[in-house]
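Okay, structure first, notes after.
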There are 2 protein chains.
Amino acid sequence: MDDIELHDLARRYRDILRQAVYLVRSIDADGELSTGQVATLNMIAAQPLRVGAIARNAGIRVPSATEQVIKLGSLGLVERKADESDARVVLVGLTDAGRSALAEANARRNATMATALKTLDADELQAVAKAIPAIAKLNEALAS
Amino acid sequence: MDDIELHDLARRYRDILRQAVYLVRSIDADGELSTGQVATLNMIAAQPLRVGAIARNAGIRVPSATEQVIKLGSLGLVERKADESDARVVLVGLTDAGRSALAEANARRNATMATALKTLDADELQAVAKAIPAIAKLNEALAS
DNA sequence: GTCCATAGTTAGGTAGCCTAACATATAGTT
DNA sequence: AACTATATGTTAGGCTACCTAACTATGGAC
């Protein structure tokens, strides 16, 4: 694929992405938890993470992550634990309430998306499914 | 495609989209114009729009659009004109400076995206290209 | 002409990000 | 062991972009 086509693809991809960004935000606005909050909860679902790791994964600075953690903590969704081997470290994990709030939020968001996906025909669904790994790779390339 | 698969696709699609949202923001952060500002300028590139139309297209409220227009106006990128047939209406159009700033911003963003696209192989590029119309349709479905 | 609807602005508030400055803990050096 | 440099978070203060509520001015219906 030559440069001209590549630039055209870039333009078209950016166009739909811009729209999608807005839509994701509006889907998320339905619930009580913001996009960023759900993203943070998802991150620590598998195992507790330090504040710095949350910041890095979310693409924000450490003080912003601290803020988020404080907020989520005051909502009772996360808890802060000490790291046994390093007293500087704060480990942030889900509470039971956090776990169920996350499950609910994810379910609602996925359901909305699934409903939208139903409007696509089989070929289009196939196209989206096939593109996902490529987009994931693209995301990685953009991240660096 | 049955419901279970659909929900799985929804989840995976939401995952990469969430990442992409963050990346779009970080790409945009490189320039002097914010994501929203460029989106607004793009909107009025073809023909001047009223403040209300800008708000609707951008998915924001009218007062927020007013703010944006004021900001862009003070940067000399847009100009406000009266509508001849309705004195309540404010038409917002690009100035020459706005047009060239927009071209520059788009070029820079597309170039960044094109560079990232170069890391994909032919099959992956094909997959992205094919998915774009489907995603556009999906966006429409989500918008309603 | 009165009344309601529409277009936009102004005022005031909030969420979520930022940088700079700080406190504390660890690790490395002598 | 003491001294210094590095790493982890928090606090303080500020900015942008959004919001709702209240307002002004124009337009349209009756």
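Since the model is a prediction, treat every value here as computed from it, not as a measurement. Any value given below was found using the heavy atoms of this structure, including those in side chains, with hydrogens, waters and symmetry copies removed. Proteins get letters first, then strands, A, B, ... in listed order; numbering begins at 1 in each.
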Q. Do the side-chain N or O atoms of B/Arg50 get closer than 4.0 angstrom to the phosphate oxygens (OP1, OP2) of C/dA7?
A. yes
(Q) C/dA15, OP1 or OP2 - any side-chain N/O from A/Gln68 closer than 4.0 Å? (A) no
From the set [options], return the single nucleotide nearest to any side-chain atom of [X].
X       : options                : result
B/Val89 : D/dT20, D/dA17, C/dG8  : C/dG8
B/Arg61 : D/dT20, C/dA25, D/dG9  : D/dT20
A/Pro63 : C/dC17, C/dT19, C/dA15 : C/dT19
A/Gln37 : C/dA11, D/dT8, C/dG16  : C/dG16
A/Ile70 : C/dT10, D/dC19, D/dT11 : D/dT11
B/Thr66 : D/dG27, C/dT10, D/dC19 : C/dT10
B/Val62 : C/dC18, C/dG16, C/dG8  : C/dG8

Evaluate the side-chain proximity of [Y] to [X]: yes if any heavy-atom separation is below 4.5 Å, no if none is.
X        : Y        : answer
A/Leu117 : B/Leu6   : yes
B/Leu49  : B/Asn57  : yes
B/Asp15  : A/Ile132 : no

Q | DNA chain C: 5'-proximal contact among A/Ser64 and A/Arg88 (nearest heavy atom) | A | A/Ser64
Q) On DNA chain C, nearest-nucleotide positions of B/Asp86 versus A/Thr35: which is more 5'? A)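 Upstream on the strand: B/Asp86.
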Between [atom2] of [N] and [atom1] of [X], the distance in whole Å:
X       : N      : atom1 : atom2 : value
A/Arg80 : D/dT8  : CZ    : C1'   : 12 Å
B/Ile60 : C/dT14 : CD1   : P     : 20 Å
A/Leu91 : D/dG9  : CG    : P     : 8 Å
A/Ile54 : D/dT10 : CD1   : C1'   : 14 Å
A/Lys81 : D/dG9  : NZ    : C1'   : 18 Å
A/Lys71 : C/dC17 : NZ    : P     : 11 Å

Q: Look at B/Asp96 together with B/Arg99 and state whether they make a salt bridge at an N to O cut-off of under 4.0 Å.
A: no
Q. Checking all strands, does B/Val51 fall into the base, sugar-phosphate, or nothing category for heavy-atom contacts under 4.0 angstrom?
A.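 Counting heavy atoms under 4.0 Å across all strands, the contact made by B/Val51 is with sugar-phosphate only.
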**Q.** First encountered from the 5' end of DNA chain D, between A/Glu67 and A/Val90
**A.** A/Val90
Q: Using side-chain hydrogen bond (donor to acceptor under 3.5 Å, both in side chains) as the criterion, point out the one residue from B/His7, B/Arg11, B/Arg14 that pairs with A/Asn110.
A: B/Arg14
